[in-house]
Amino acid sequence: MSISSNIETAARYIREGKLVAFPTETVYGLGANALDPLAVAKIFELKERPSFDPLIIHIADLAWLEELVMGADERIFRLAEKFWPGPLTMVLPKSKRVPDIVTSGLSTVGIRMPANDYALGLIRACGCPVAAPSANKFGRISPTTAAHVKKQLPDVDYILDGGKTTVGIESTIIKLTEHGFQILRNGIITQEELEEVVPLDSHSEIEKLSAPGMMKSHYSPRKKLLIADSVSMKTDKSKAGLISFSGELENGNRKVIRVSEKGDLRDYAVNIFEAMHAFEDDDDIEIMIAEPVSETGIGKAIMDRLRKAEYNWRQI
Ligand code: TXA
Ligand code: MG
């Protein structure tokens with residue numbers, strides 16, 4: 001495995017059917033040629049990801065959208081116009097060109113155009129759409145630096161190092177129905193922003209099968225993580241690492257990582273996974289406590305990540 005910033009080398013690996021971890025604006029992805037089923041199979045293997053959990057395809061050019069999707073309608077282009085390149089994934093009816101392994105046999109495919117020059121350069125240089133989940137072991141903390149990728153996936157063929165990602169949490173995922181859009185995963189593009197372009201579909205239930213990634217536990221650190229509340233506040237803080245947002249809970253903890261200097265939720269998103277990685281790797285810390293935020297706007301995406309990270313630990 002090598003880590004470098006050479007887009008041409010990374011593109012060669014992708015063309016040869018190998019795996020490349022690369023930065024996007026959200027988190028690092030573990031990429032393969034989306035049209036090569038054998039290459040895509042290696043993603044599931046290296047990530048230890050169950051085959052029922054479909055991958056997102058990354059494109060650099062709208063022409064690919066029409067190749068990969070069946071019956072692209074004008075709403076898609078309006079959304080693309082406003083949010084691409086950017087952290088929005090659209091789940092759309094797939095065309096025959098998309099191998100079944102990418103979509104875990106679903107009739108839909110998730111597509112996005114990332115807003116990161118390394119990612120766009122890589123996709124253009126390899127000349128194919130790139131299927132990529134986040135570059136972590138299945139269920140673990142998402143990576144926002146090349147070092148995070150190396151920690152969890154030391155056997156990846158190549159890591160394209162583009163520095164720390166600028167958004168920090170995964171894309172907002174929407175599904176388009178005949179009535180409008182449904183949110184399958186919250187991100188920094190909020191429901192309110194999307195509603196300026198397409199109406200929210202509040203008629204139909206979100207099909208369970210349409211969102212296999214909506215599991216309760218995810219982003220799970222190897223050390224206990226609790227969202228700060230009356231219970232977590234009674235734990236022994238001499239070995240606690242606090243992920244702090246407002247500054248109000250900082251007293252008494254062994255260590256504190258303040259995720260924002262000015263109380264901006266976007267900073268919380270940028271730093272949330274990095275803070276979890278730092279405490280996970282810190283021998284002084286036995287338990288992490290994360291400060292909750294109110295569940296509006298970007299706060300929904302933050303609380304989604306914290307709840308899933310906490311889920312297994314709350315059961316113990
Ligand atoms: O920001 C992101 O979206 C990052 C970067 C690398 O692009 N990617 C990412 O991929 O977060 P992943 O695989 O970690 O999460 C994608 C989620 C999964 O939970 C998967 O179940 C869901 O998207 N998904 C993919 N295709 C889908 C489909 N056709 N229908 C419903 N859900 C889908
Ligand atoms: Mg992921």
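All ligand and atom numbering here is 1-based and tracks the order in the structure.
Judged by distance alone, the side chains of N6 and S4 never bring a donor and an acceptor atom under 3.5 Å apart. When only modelled atom types and interatomic distance are considered, K239 and N253 share no side-chain donor-acceptor pair under 3.5 Å. Of the N and O atoms on the side chains of E170 and S134, not one donor lies less than 3.5 Å from an acceptor on the other residue.
Each of the following atoms of ligand 1 lies closer than 4.0 Å to a heavy atom of T26: 1 (O), 2 (C), 4 (C), 5 (C). Close contacts of ligand 1 with H58, meaning ligand atoms under 4.0 Å from a residue heavy atom, involve 5 (C), 6 (C), 7 (O). Numbered from 1 in the order shown, with element, the atoms of ligand 1 that lie under 4.0 Å from a heavy atom of T108 read 28 (C), 29 (N), 30 (N).
Scanning all heavy atoms of the two residues, the minimum distance from A34 to A131 falls at CB-N, 3.6 Å. Across all their heavy atoms, T26 and T144 have their closest contact at O-CG2, 4.3 Å.
Scanning P114, P133, G187 for the heavy atom closest to atom 10 (O) of ligand 1 points to P133. Heavy-atom proximity to atom 26 (N) of ligand 1, evaluated over A119, P54, S171, is greatest for P54. With atom 8 (N) of ligand 1 as the reference point, the heavy atom nearest to it among N136, I56, L106, L88 is part of I56.
Here T103 has no heavy atoms under 4.0 Å from ligand 1, in either its backbone or its side chain. Proximity of K175 to ligand 1, defined as any heavy-atom pair under 4.0 Å, is not found for any part of the residue. At a 4.0 Å heavy-atom cut-off, ligand 1 touches D53 through the side chain alone. When heavy-atom distances to ligand 1 are checked against a 4.0 Å cut-off, R49 comes that close only through its side chain, counted from C-beta outward. Under 4.0 angstrom from ligand 1, the non-hydrogen atoms of R185 all belong to its side chain.
Within the protein, the number of N/O/S atoms found under 2.8 Å from the Mg ion (ligand 2) is 1.
Salt-bridge check for R307 with E295: passed, with a basic side-chain N closer than 4.0 Å to an acidic carboxylate O. A salt bridge is absent between R12 and E8; no separation between the charged side-chain nitrogens and carboxylate oxygens falls under 4.0 Å. R254 has no carboxylate O lying under 4.0 Å from a charged side-chain N of E286, or vice versa, which leaves the two without a salt bridge.
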(request) With side-chain hydrogen bond (donor to acceptor under 3.5 Å, both in side chains) as the test, would you mind laying out the steps for T89 and R185 before giving the verdict? (result) CA-CA 9 Å; T89 298; R185 181 175 69 190; 5.0 Å; no
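Of the N or O atoms in T24, none lie within a sub-3.5 Å distance of an N or O in ligand 1. Of the polar atoms of S134, at least one N or O is found under 3.5 Å from an N or O of ligand 1, judged by distance alone.
Applying side chain to side chain contact (heavy atoms under 4.5 Å, CB included) to R112 and the options T172, I56, I59, L88 leaves one that passes, I56. Put simply, the residue from V293, N186, L265, T190 that forms a side chain to side chain contact (heavy atoms under 4.5 Å, CB included) with K300 is N186.
Every heavy atom of K94 sits 4.0 Å or more from the atoms of ligand 1. Within the 4.0 Å heavy-atom cutoff, R112 counts among the residues contacting ligand 1.
Between H203 and H179, the ring planes are tilted. Angles from 30° to 60° get that label.
Taking the ring centroids of Y219 and F273, they lie under the 6.0 Å cut-off.
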